[in-house]
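Heads up: the structure comes next, in C-alpha cells.
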Amino acid sequence: MATLKDVKVGETVTVTKLNGTGPVKRRIMDMGITKGTEIFVRKVAPLGDPMELQVRGYELSVRKGDAEMIEVV
C-alpha cells in the first residue's frame with residue numbers, strides 16, 4: 001500500500017482510497033482529492049513538509065501527515 005507521502009517529485013499518481021475519518025477526511029475531499037483523482041507531485045519542501053501538488057488544474061500544498069492518509073497507485 002503506497003501513500004501520497006511516498007511519491008517522488010515529478011511523478012503522477014491516482015488516488016485509490018482515502019483513510020481517516022470525520023473532519024480530516026472531509027477536509028481532504030474538499031481540497032478536491034477524491035478516489036480516481038490524478039495528482040502530480042511538483043515539489044517537496046527542503047525538510048520534507050509540506051508537499052506541493054497539482055490537483056484538478058490547481059496547485060495545493062499538503063502536510064505529510066495528511067499525505068499519509070491518501071492511498072495511491
Side-chain angles (χ1 to χ4, degrees):
M1 165 190 83
T3 64
L4 186 57
K5 181 183 135 207
D6 306 319
V7 179
K8 307 262 186 280
V9 174
E11 291 183 339
T12 300
V13 293
T14 303
V15 177
T16 57
K17 183 179 177 186
L18 293 177
N19 296 317
T21 57
V24 176
K25 186 174 182 179
R26 179 84 248 162
R27 186 168 49 85
I28 291 170
M29 291 174 71
D30 287 346
M31 289 188 275
I33 300 173
T34 55
K35 187 175 178 181
T37 303
E38 283 197 349
I39 298 176
F40 174 71
V41 179
R42 292 184 49 102
K43 291 189 241 176
V44 176
L47 297 176
D49 205 13
M51 305 174 73
E52 186 177 304
L53 314 171
Q54 186 159 358
V55 181
R56 299 180 188 256
Y58 67 93
E59 292 180 10
L60 173 68
S61 291
V62 174
R63 293 189 307 257
K64 288 273 184 170
D66 292 339
E68 282 182 305
M69 297 180 204
I70 303 167
E71 291 183 27
V72 296
V73 292

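Quick caveat, the model's predicted, so the values are computed rather than measured.
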Please say yes or no: joined through hydrophobic side-chain contacts below 4.5 Å, possibly via intermediate residues, are Val15 and Leu60 part of one cluster? yes
Going by the rule side chain to side chain contact (heavy atoms under 4.5 Å, CB included), which residues pair with Lys25 if we only count those two or more places apart in sequence or in a different chain? Leu18, Met29
Not counting sequence neighbours, which residues clear side chain to side chain contact (heavy atoms under 4.5 Å, CB included) with Arg56? List them please. Thr34, Thr37, Tyr58
Flag the pair Ile28 / Ile70 as yes when at least one side-chain heavy-atom distance between them is below 4.5 Å, and no otherwise. yes
State, with a plain yes or no, whether a side-chain heavy atom of Val9 is found less than 4.5 Å away from one of Lys43. no
Has Arg63 got more than 12 heavy atoms of other residues, nucleotides or ligands less than 6.0 Å from its CZ? no
Output for pair (Ile39 CD1, Thr14 OG1), nearest 0.5 Å, gives 8.5 Å
Spacing of CD1 belonging to Ile33 relative to CE belonging to Met69, to within rounding of 0.5 Å: 11.5 Å
How would you list, by chain and number, every residue that makes a side-chain hydrogen bond (donor to acceptor under 3.5 Å, both in side chains) with Glu68, sequence neighbours excluded? Lys5
side-chain hydrogen bond (donor to acceptor under 3.5 Å, both in side chains) with Glu11: which residues, sequence neighbours excluded? none
Distance-only donor-acceptor hits, side chain of residues 47-55, under 3.5 Å, sequence neighbours excluded:
unit_1	atom_1	unit_2	atom_2	d
Asp49	OD1	Lys64	N	2.8
Glu52	OE2	Arg42	NE	3.2

Which pairs, with at least one residue in residues 28-40 and sequence neighbours excluded, count as a salt bridge (Lys or Arg N to Asp or Glu O under 4.0 Å)? Arg26-Asp30
Of the non-hydrogen atoms in Val72 and Leu4, which two are nearest, and what is the gap between them? CG2-N, 4.0 Å
Is there a side-chain contact (heavy atoms from CB on, under 4.5 Å) between Asn19 and Glu71 once you walk through the steps? CA-CA 8 Å; Asn19 296 317; Glu71 291 183 27; 2.9 Å; yes
